[in-house]
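Reviewing the structure listed below.
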Amino acid sequence: MTDHANPKSEPFSNAEKDPDDWTTGDEKMTGAQASYLKTLSEEASEPFDDTLTKADASKAIDALQEKTGRGVN
């Protein structure tokens, strides 16, 4: 048996990684990111930018979640 943690036991560990460190961060944002970002942008009365990368979309989502109060525990 190894001392390594089972990645499935910590499903959100990747969510805590800095988007600037993502190996695929410079790829086009995912459909899920675009959909959620569009919703948040509308709620925050902010323009929606459909050209963001995965990393930039993640940062924008974080900022808009804070602005709108979504995603806050």
Side-chain angles (χ1 to χ4, degrees):
M1 189 169 236
T2 65
D3 291 330
H4 298 286
N6 180 344
K8 290 184 180 181
S9 67
E10 298 181 41
F12 300 107
S13 62
N14 285 342
E16 295 175 18
K17 188 173 182 181
D18 185 340
D20 290 329
D21 295 332
W22 294 356
T23 57
T24 61
D26 60 348
E27 294 178 2
K28 185 175 173 150
M29 74 175 127
T30 67
Q33 282 179 309
S35 176
Y36 189 44
L37 186 56
K38 185 168 176 58
T39 298
L40 288 172
S41 296
E42 290 170 356
E43 288 182 9
S45 298
E46 296 282 340
F48 171 70
D49 181 355
D50 66 353
T51 66
L52 296 178
T53 64
K54 286 181 183 179
D56 288 338
S58 178
K59 293 175 194 175
I61 287 168
D62 288 345
L64 289 173
Q65 281 181 324
E66 189 171 320
K67 184 174 182 177
T68 63
R70 282 183 169 244
V72 179
N73 293 337

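Looking at S41, its side chain does come within 3.5 Å of a backbone N or O of L37 through a donor-acceptor pair. Checked by atom type and distance alone, the side chain of T68 never pairs as donor or acceptor with a backbone atom of A44 at under 3.5 Å.
Listed by chain and residue number, D49 satisfy the side-chain hydrogen bond (donor to acceptor under 3.5 Å, both in side chains) test with T51 (two or more places apart in sequence, or in another chain). D20 meets the side-chain hydrogen bond (donor to acceptor under 3.5 Å, both in side chains) test with K59; sequence neighbours excluded.
Between P19 and K54 the shortest side-chain heavy-atom distance does not fall below 4.5 Å. Residues Y36 and M29 form no side-chain contact, since every pair of their non-hydrogen atoms from C-beta on lies 4.5 Å or further apart.
Taking each heavy atom of A60 and L52 in turn, the nearest pair found is CB-CD1, 4.1 Å. Taking every heavy atom of both residues into account, S58 and Q33 meet most closely at N-NE2, 3.7 Å. Contact detail for D18 and W22: the closest heavy-atom pair is O-CD1, 3.4 Å.
Here salt bridge (Lys or Arg N to Asp or Glu O under 4.0 Å) pairs that include residues 33-47, with residues two or more places apart or in two chains, are K38-E42, E43-R70, E46-K67.
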